[in-house]
Novice: 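Dropping the structure in here first, questions after.
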Amino acid sequence: MGMPPIHLWVYNHPVSLISDQVSFAVMALRQHGYPVSVGRRPRHSSLNVVIEGFSSRNRDILLEFCQSSRKRVAVIMTEHLDIEHGRILFHGAPLGTENDYMHPATILARIKHLLECLSYIRCFFVLGDLPELRNMSTMLPGLDVRAIPFPRLDGVSSKDIDRSSEAVNDLVFTGAMTEYRVNLLGRLQAKGLSVACPQAYVSRKRRDAMNRSAKVIVNIPQREGWRWLSLMRIVAGLQTGQSTISLGTSDVSQIASCCTQLDIRKQDWISEVKQCVDDSKSLYYRDAVNYSVMAKKFEQERPFPHDVFEYWSITDRVCC
C-alpha cells in the first residue's frame, strides 16, 4: 500500500512569506515517502494541509471547501500560541498587548478565525518543535498536536563555504523591522560591522543570495524578552552554507544546538559578534553537524506521524 498524496494548499498567504515553511514541510514529507504538491487551490484527490493565518474571507473559502467536499484539513501552526494560568498568550504576551510587530486587533481576529474552523481541522502540525503550543489541549481537548520531524538537509560543498572569504558583508538580516531590531542593527553598524538588510520581505531566491553575500546570518528577536529562536531562519541559513548568530535570546529548543546565542547584556557582546564573523566557516561546520545529530535524535523521540495520515486518508476517502 502506497502513501496518500499530500497537498499544501497555500491560498491564504503570499508565497514569499511562507516559503521556508513550505520548503521544510515538502522536504520532510517527501523524505518519508509521501507524494507532495503545492498550490493555491485545494485538491479533492489529496489530503489538504494549510498554514495557519486566516482572514474572514479566506476562512470562508476553507469552510466552503470542507463543507462541500466533506473533508477536513490539517493546519501547520506557525505562531507562538500558549495557555498559561488560564490565559491565552500570543507571542508570549496576553491578548491585547501592544507591540510593533503584529497589531493586537490582527492577533484577536487571527485566533477567532482559527477557532471558527475547528470543526474541519483534522489536527495541528508543528514543524520541528516550534511553536511549542503549550497546554493547547486544555483549550482544544481532543485535537491532536503532532510534530513533523526536521528534514535531512543536503550538504553544502566546501567550495561554496570557501567563498565566504569573498563575502561583501559581515552580517545579513532579512526579518521584518521593529524598533528593537533597528536599534540593535544600528549598534552593530556603529562598531564597524557591515550589515546587509533589505528592510522589507524579499523572495526566497533573493534572501538566499543575500545570505551567501555575508559571512554570518544574524537573528534578532522582534522585541526584548522574546524567548524563541527563528527556527526557519536558521534552517534556511544552513541550506545556504551559513551559520546563524542570535542576539539576546536564550532559547533551549532543539534548533538552539545549531546556532550561536549571544548575551547582549554583556559589555563585550559586539566583540563576540566580530569573533563569530571571523570564525564563520568553522561555525557553519559545527552547526551543520549538530543539526544532523539533532534531527536524528528528535525523530527517534517524536516519530513521523504516519498514523495521522493513514487514518485521515480513510476518513477523507483519499486513495493511496
Side-chain angles (χ1 to χ4, degrees), residues 2-13 15 17-39 42-43 46-54 62 71-82 114 117 120-134 136-137 140 143-154 204 228-239 251 253-258 290-313 315-316 318 320:
M3 302 295 196
I6 312 298
H7 181 64
L8 291 184
W9 179 22
V10 294
Y11 76 103
N12 56 324
H13 293 278
V15 174
L17 301 189
I18 55 168
S19 59
D20 290 332
Q21 288 82 2
V22 170
S23 173
F24 186 115
V26 169
M27 280 194 296
L29 288 163
R30 285 179 176 165
Q31 287 172 11
H32 285 85
Y34 292 87
V36 184
S37 56
V38 181
R43 285 196 172 181
S46 299
L47 300 175
N48 288 276
V49 178
V50 297
I51 295 175
E52 186 272 328
F54 301 109
L62 185 145
K71 293 179 180 291
R72 291 196 286 175
V73 299
V75 177
I76 293 174
M77 298 295 286
T78 60
E79 304 293 343
H80 298 281
L81 182 61
D82 303 295
L114 177 66
C117 296
Y120 300 100
I121 295 176
R122 173 62 185 85
C123 68
F124 286 154
F125 285 133
V126 174
L127 303 179
D129 66 329
L130 290 176
E132 296 173 87
L133 305 182
R134 289 195 304 277
M136 182 62 71
S137 58
L140 305 172
L143 188 67
D144 271 352
V145 178
R146 302 292 292 273
I148 300 292
F150 294 87
R152 297 185 307 276
L153 300 184
D154 292 332
R204 182 184 179 89
W228 305 281
L229 288 163
S230 176
L231 187 159
M232 295 298 156
R233 179 174 291 122
I234 295 167
V235 171
L238 291 173
Q239 290 180 280
D251 195 345
S253 65
Q254 297 293 322
I255 204 66
S257 67
C258 312
N290 286 349
Y291 178 90
S292 179
V293 172
M294 176 276 294
K296 290 176 183 176
K297 185 171 183 291
F298 182 84
E299 186 162 358
Q300 288 171 357
E301 296 173 352
R302 301 178 71 176
F304 192 91
H306 291 291
D307 58 310
V308 170
F309 291 108
E310 182 178 358
Y311 181 71
W312 183 18
S313 68
T315 59
D316 261 28
V318 170
C320 299

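The figures that follow rest on heavy atoms only: side chains count, while hydrogens, waters and symmetry mates do not. What you are looking at is a predicted structure, and each value in this text was computed from that prediction instead of being measured.
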Novice: Using side-chain contact (heavy atoms from CB on, under 4.5 Å), reason through Val145 and Leu140 one step at a time and then give a plain yes or no.
Specialist: CA-CA 10 Å; Val145 178; Leu140 305 172; over 6 Å; no
Novice: Dump the intermediate steps for side-chain contact (heavy atoms from CB on, under 4.5 Å) on Met232 and Leu127, then the final yes or no.
Specialist: CA-CA 9 Å; Met232 295 298 156; Leu127 303 179; 3.5 Å; yes
Novice: Which residues pass the side-chain contact (heavy atoms from CB on, under 4.5 Å) test with Pro35, not counting sequence neighbours?
Specialist: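 Pro35: side-chain contact (heavy atoms from CB on, under 4.5 Å) contacts with Met3, Pro5.
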Novice: Looking only at atom types and distance, does a side-chain atom of Asn12 sit under 3.5 Å from a main-chain N or O of Gly53, one as donor and one as acceptor?
Specialist: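 Side chain of Asn12 to backbone of Gly53: a pair is present.
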Novice: Phe54 vs Leu114, test: side-chain contact (heavy atoms from CB on, under 4.5 Å). Steps then yes/no.
Specialist: CA-CA 7 Å; Phe54 301 109; Leu114 177 66; 4.1 Å; yes
Novice: Taking only residues two or more places apart in sequence, or in another chain, which ones meet Asp316 in a side-chain hydrogen bond (donor to acceptor under 3.5 Å, both in side chains)?
Specialist: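 Applying side-chain hydrogen bond (donor to acceptor under 3.5 Å, both in side chains) to Asp316 gives Trp312.
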Novice: Considering residues at least two apart in sequence or located in another chain, which fulfil the salt bridge (charged side-chain N to carboxylate O under 4.0 Å, His left out) criterion with Lys296?
Specialist: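 Counting only residues at least two positions away or on another chain, Lys296 forms no salt bridge (charged side-chain N to carboxylate O under 4.0 Å, His left out).
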Novice: Go through the structure and list residues passing ring pair (Phe, Tyr, Trp, His ring centres under 6.0 Å) with Phe24, not counting sequence neighbours.
Specialist: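 Checked Phe24 against ring pair (Phe, Tyr, Trp, His ring centres under 6.0 Å); matches are Phe150.
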Novice: Can you list the residues that meet the side-chain hydrogen bond (donor to acceptor under 3.5 Å, both in side chains) rule with Ser253, with sequence neighbours excluded?
Specialist: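 Result, side-chain hydrogen bond (donor to acceptor under 3.5 Å, both in side chains) vs Ser253: Asp251.
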Novice: Working to the nearest 0.5 angstrom, can you tell me the gap between Leu153 CG and Leu238 CG?
Specialist: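 Atom-to-atom, Leu153:CG and Leu238:CG are 6.5 Å apart.
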Novice: Which atom names give the shortest non-hydrogen contact between Ser313 and Pro4, and what distance separates them?
Specialist: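 Taking Ser313 first and Pro4 second, the nearest heavy atoms are CB-CB, 3.8 Å.
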Novice: How long is the span from the OG atom in Ser23 to the CD1 atom in Ile18, to the nearest 0.5 Å?
Specialist: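 Output value for this atom pair is 11.5 Å.
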Novice: Using atom types as modelled and distance alone, determine if a side-chain donor or acceptor of Asn48 lies under 3.5 Å from a backbone N or O of Pro42.
Specialist: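 Checking the backbone N and O of Pro42 against the side chain of Asn48, no donor-acceptor pair under 3.5 Å is found.
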Novice: Any salt bridge (charged side-chain N to carboxylate O under 4.0 Å, His left out) involving residues 19-36? Give me the pairs, sequence neighbours left out, ordered by first then second residue.
Specialist: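 Only Asp20-Arg204, Asp20-Arg207 qualify under salt bridge (charged side-chain N to carboxylate O under 4.0 Å, His left out).
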Novice: At what distance, to the nearest 0.5 angstrom, does CG of Leu8 lie from CZ of Arg43?
Specialist: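 Going from CG on Leu8 over to CZ on Arg43, the span is 10.5 Å.
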Novice: Take Asp129 and Arg302 through the side-chain contact (heavy atoms from CB on, under 4.5 Å) test and state the conclusion after the steps.
Specialist: CA-CA 10 Å; Asp129 66 329; Arg302 301 178 71 176; 4.0 Å; yes
Novice: At their closest point, which heavy atom of Val126 faces which heavy atom of Pro131, and how far apart are they?
Specialist: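 Nearest heavy atoms, Val126 then Pro131: CG1-O, 3.4 Å.
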Novice: The criterion is salt bridge (charged side-chain N to carboxylate O under 4.0 Å, His left out); which residues satisfy it with Glu299, sequence neighbours excluded?
Specialist: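 Once residues adjacent in sequence are excluded, Glu299 has no partner under the salt bridge (charged side-chain N to carboxylate O under 4.0 Å, His left out) criterion.
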Novice: Listed by chain and number, what are the side-chain hydrogen bond (donor to acceptor under 3.5 Å, both in side chains) partners of Asn290, not counting sequence neighbours?
Specialist: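 For Asn290 there are no side-chain hydrogen bond (donor to acceptor under 3.5 Å, both in side chains) partners, ignoring immediate neighbours.
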Novice: Can you tell me how far the CE atom of Met136 sits from the CE atom of Met77, to the nearest 0.5 Å?
Specialist: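 The distance works out to 5.0 Å.
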Novice: On a heavy-atom basis, which atom in Ala74 and which in Phe125 lie closest, and how many Å separate them?
Specialist: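 So the two residues come closest at CB-CE1, 3.5 Å.
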Novice: Going by ring pair (Phe, Tyr, Trp, His ring centres under 6.0 Å), name the residues that satisfy it together with His32, two or more places apart in sequence or in a different chain.
Specialist: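 For His32, the residues satisfying ring pair (Phe, Tyr, Trp, His ring centres under 6.0 Å) (neighbours in sequence not counted) are Phe304, His306.
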Novice: List for me each residue that meets side-chain contact (heavy atoms from CB on, under 4.5 Å) alongside Glu132, sequence neighbours excluded, and say none if there are none.
Specialist: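 For Glu132, the residues satisfying side-chain contact (heavy atoms from CB on, under 4.5 Å) (neighbours in sequence not counted) are Asp82, Leu130, Arg134, Trp228.
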Novice: What pairs with Gln300 under side-chain hydrogen bond (donor to acceptor under 3.5 Å, both in side chains), at least two apart in sequence or on another chain?
Specialist: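 Partners of Gln300 by the side-chain hydrogen bond (donor to acceptor under 3.5 Å, both in side chains) criterion come out as none, since no residue qualifies.
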Novice: Between Gln31 (side chain only) and Arg152 (backbone N and O only), is there a donor and an acceptor less than 3.5 Å apart?
Specialist: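 Yes; at least one donor-acceptor contact below 3.5 Å.
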Novice: Taking Asp144 for the side chain and Arg122 for the main chain, is one N or O donor matched with an acceptor at less than 3.5 Å?
Specialist: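 Side chain of Asp144 to backbone of Arg122, a donor-acceptor pair under 3.5 Å: no, none is there.
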Novice: Would you say that Val318 contacts Lys71 through its side chain, given a criterion of any heavy-atom pair below 4.5 Å between the two side chains?
Specialist: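 Yes, their side chains come closer than 4.5 Å.
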Novice: According to ring pair (Phe, Tyr, Trp, His ring centres under 6.0 Å), who are the partners of Tyr11, at least two apart in sequence or on a separate chain?
Specialist: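 Applying ring pair (Phe, Tyr, Trp, His ring centres under 6.0 Å) to Tyr11 gives Trp9.
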Novice: Give, for atom CZ of Phe309 and atom CZ of Arg146, the distance between the pair rounded to the nearest 0.5 Å.
Specialist: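 Interatomic distance, Phe309 CZ to Arg146 CZ, rounded to 0.5 Å: 9.5 Å.
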